[in-house]
Amino acid sequence: MYQAPRGTADILPVEQPYWRYVERAIEEITRRYGYRRIDTPVFEETGLFRRSAGDYTDIVQKEMYTFEDRGGVSLTLKPEGTPAVCRAYLEHGMHNLPPPVKLYYISPIFRYDRPQAGRYRQHHQFGAEAIGSADPALDAEVIDMAWQFYRLLGLSGLTLELNSIGCKTCRPGYLAALKDYYCAHVARLCADCKARFEKNPLRLLDCKEPSCQEIADNAPRGLEHLCPDCSAHFAALQKYLAVLGIPATLNHRLVRGLDYYTRTVFEFQPSFEGRQSTIGGGGRYDDLIVELGGRPTPACGFATGIERIIINLKRQGLELPPPPAPAVFIAFIGEAAKEAAVRLAGELRREGIPAALGFGERSLKGRMREADASGARYAVIIGDEELAGGTVTLRDMRSATQEKVPAAALIPRLRRDIPA
RNA sequence: GUGGGUGUAGCCGAGGGGACUAAGGCGUCAGGUUGUGGCCCUGAAGAUCGAGGGUUCGAAUCCCUCCACCCACCCCA
């Protein structure tokens, strides 16, 4: 028997109400903040992601689904949404639109990870990108939108962690200070950190290894090495967040897994368990558009995992109403009546009335059991009697009462009795 | 990628070397007389006990290898 590939999942009918619930919230929140939807292909040229995320990130080094098509082009299944949106922004000359250009997406995301609770090889993200402004008020607005989005969903107990990792002016100085400090401690670092020391020193701060943490605790802090501009930007952002009533916790060790971030970075953590269960995050990426061949264009965005949102909604005990039942179940008795039943089902549906028709051979009793199981409010019974009299038996399943009504009167009658 | 746990019908789940021709519940299907549901009663279908190999007279039960899921690390959403 075939199974869904490892780390992927079917989203079964019982799960769909949660997805629809989240999608509706996305629609509502993006409407409020003025974002317009964009959909990009599931795969892009591999270079786009390598360029964007950075060659030494885990995503690029070991998590991409990369393949060559028959024309020899290297393609990669989208491992994150931002580069694809930026590519589309550039490709379609959106820099000619009044900035900031605000775009959102709901997209499958692919990463070759070892699956675990809330971690899949294919998952789905809602992301938003605001391209074309360096104003810290935009950072605040992006964070506010994410925050209000979770609130709208009814997710409680989230915490927002915030940090600034500087820009290309101040980061080199900080990295140098960091390396200076770490030089003396290299011998005591874990194997991963030894590699990070060489390739991606910022990540040193993020190591969970107790011995490394101890070292990281005393490492020079990025916030103290920000250049005046970045420092002012970060101060302004915090001011605006305060104005918006968004409680942010400073985490000087917060570094994101993508190299393109500048200045603002943030993550949302659920209160439940494990810090490694980030539900969403984002930041500013002022150099990415240039990196991809555009003019200097500051930008800011965030993304959140839909599966993780749903996990948390369930943990909170969110109950969603069951899917709607048909209004009418049509039960026929005999072949002649079946033809009338097929016709009636078609008519009801064309009138906008959800109707279910029984299939196959069954006793009337079995048919009524089927009608009951369908959850239909009404059953319409058609047999020889009804056929002969040009009527139809309309049974109210709830009150268990029924009456014969003229066939022609059925639709008006249902129209009247079925609440829209 | 590392370490640990789990794997019995569509779902939940008992059984941990011979009494298993694998319990029970949910669900499905049929019947409980003649054209009628929900409760109830009866019956049926549905499982090569995750897959493959091994030990044994005998394996769902023990061992090995895979696969999948779960948990932690890692990483992130």
Side-chain angles (χ1 to χ4, degrees), chain A residues 1-9 12 14 22 53 57-63 78-82 106-127 146 150 190-193 195-196 200 203 206-210 212 254-258 265 267-270 273-282 302-312 329 331-334 337 358 360-387 393-402 404:
Chain A
M1 287 269 280
Y2 289 109
Q3 291 178 298
R6 183 162 200 208
T8 68
L12 298 172
V14 288
V22 173
T57 57
D58 279 17
I59 287 181
V60 168
Q61 278 200 323
K62 46 192 195 194
E63 294 177 4
K78 230 188 283 184
E80 51 144 344
T82 304
I106 299 172
S107 167
I109 297 292
F110 303 87
R111 288 181 203 168
Y112 189 86
D113 250 4
R114 181 146 167 192
Q116 199 179 300
R119 195 167 83 185
Y120 306 93
R121 289 183 175 180
Q122 180 185 185
H123 75 279
H124 301 262
Q125 289 185 6
F126 156 45
Y150 295 129
C190 69
D192 283 343
C193 278
R196 291 182 183 123
N200 197 352
R203 293 223 64 100
D206 212 24
C207 188
K208 309 293 189 300
E209 205 66 42
C212 295
L254 175 62
V255 176
R256 306 224 66 226
L258 291 330
V265 292
E267 278 186 9
F268 294 92
Q269 306 289 351
E273 63 225 53
R275 292 108 273 135
Q276 62 285 340
S277 57
T278 305
I279 196 164
F302 103 102
T304 184
I306 296 178
E307 283 84 350
R308 286 189 181 174
I309 287 173
I310 291 173
I311 287 171
N312 281 282
F329 186 94
F332 58 86
I333 308 156
E361 296 298 315
R362 275 188 123 170
S363 65
L364 182 61
K365 176 187 224 144
R367 210 53 102 188
M368 292 311 287
R369 281 188 170 146
E370 198 179 345
D372 187 61
S374 80
R377 174 66 194 275
Y378 296 97
V380 167
I381 301 165
I382 308 175
D384 293 339
E385 284 175 26
E386 288 82 358
L387 241 32
T393 294
L394 178 63
R395 180 177 179 83
D396 183 334
M397 299 295 282
R398 210 176 293 168
S399 65
T401 57
Q402 64 185 46
K404 282 210 170 76

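Each chain gets a letter, A, B and so on, in the order its sequence line appears, and its residues count up from 1. Please read these numbers as outputs of a predicted model, since none were measured by experiment. Every heavy atom of this structure was used, including side-chain atoms; hydrogens, water molecules and symmetry mates were not.
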Under the ring-ring contact (aromatic ring centres under 6.0 Å, His included) rule, collect the residues that match up with A/H124, sequence neighbours excluded. A/W19

Pairing of RNA chain B as dot-bracket, 5' to 3': ( ) intra-strand, [ ] crossing, | other strand, . unpaired, with Watson-Crick or G-U pairs under 3.5 Å? ((((((((.[[[..)..(.....]]].(((((.......))))).....[[[[[..)....]]]]])))))))....

If you measure from the [atom1] atom in [N] to the same atom in [M], how many Å do you get, rounded?
N	M	atom1	value
B/rG25	B/rC67	C1'	30 Å
B/rU42	B/rU48	C1'	30 Å
B/rA19	B/rC62	P	15 Å
B/rU56	B/rG3	P	31 Å
B/rU28	B/rC12	C1'	16 Å
B/rC49	B/rA23	C1'	13 Å
B/rA44	B/rG27	C1'	14 Å
B/rA45	B/rG54	C1'	35 Å

For B/rG16, decide between syn and anti, treating a glycosidic angle within 90° of 0 as syn. syn

For A/R111, which contact category applies under a 4.0 Å heavy-atom criterion: base, sugar-phosphate, or nothing? base

Give A/A117 one of three labels, base, sugar-phosphate or nothing, depending on what nucleic acid heavy atoms sit under 4.0 Å from its own. sugar-phosphate

Quick one, give me the B/S/- string for nucleotides 29-37 of chain B, reading 5' to 3', where B means a protein heavy atom under 4.0 Å from the base and S means that only happens at the primed atoms, P, OP1 or OP2. SSBB--BBB

Polar contact flag, side-chain donor to acceptor under 3.5 angstrom, A/T278-A/Q269: yes

For A/E386 and A/T393, does a side-chain donor sit closer than 3.5 Å to a side-chain acceptor? yes

The criterion is side-chain contact (heavy atoms from CB on, under 4.5 Å); which residues satisfy it with A/Y120, sequence neighbours excluded? A/H123, A/E307, A/I311

Between A/I279 and A/I309, what is the shortest heavy-atom contact and its length? CD1-CA, 3.8 Å

Nearest non-hydrogen partners of A/M397 and A/A371, listed with the distance: CE-CB, 4.1 Å

What I want to find out is whether A/E80 reaches A/R111 closely enough, with some N-O distance under 4.0 Å, to be called a salt bridge. no

Does A/R114 reach the side chain of A/R6, with side-chain heavy atoms less than 4.5 Å apart? yes

Just the rounded figure in Å: distance from [atom2] of [N] to [atom1] of [X].
X	N	atom1	atom2	answer
A/Q116	B/rU2	CD	P	14 Å
A/K62	B/rC75	NZ	P	8 Å
A/F126	B/rA77	CZ	C1'	13 Å
A/D113	B/rA72	CG	C1'	14 Å
A/E80	B/rC76	CD	C1'	11 Å
A/L258	B/rA77	CG	C1'	11 Å

Distance in Å, A/I381 CD1 paired with A/F329 CZ, rounded so as to fall on 0.5 Å steps: 10.5 Å

CD (A/E385) and NZ (A/K404) are apart, to the nearest 0.5 Å, by 4.0 Å

Taking N or O atoms only and anything under 3.5 Å, show me the protein contacts with nucleotides 65-69 of chain B, one pair per line.
residue, atom, partner, partner atom, Å
B/rC69, OP1, A/G7, N, 3.1
B/rC69, OP2, A/R6, NE, 3.0

Audit row: A/Y150, A/T304, side chain to side chain contact (heavy atoms under 4.5 Å, CB included) steps and yes/no: CA-CA 10 Å; A/Y150 295 129; A/T304 184; 2.7 Å; yes

Does a distance-only test, which skips hydrogens and angles, find a donor-acceptor pair under 3.5 Å between the side chain of A/R119 and the base of B/rC74? yes

Main-chain N/O of A/G118 paired to A/R308 side chain as donor or acceptor, under 3.5 Å: yes

Partner set under side-chain hydrogen bond (donor to acceptor under 3.5 Å, both in side chains) for A/R121, not counting sequence neighbours: none

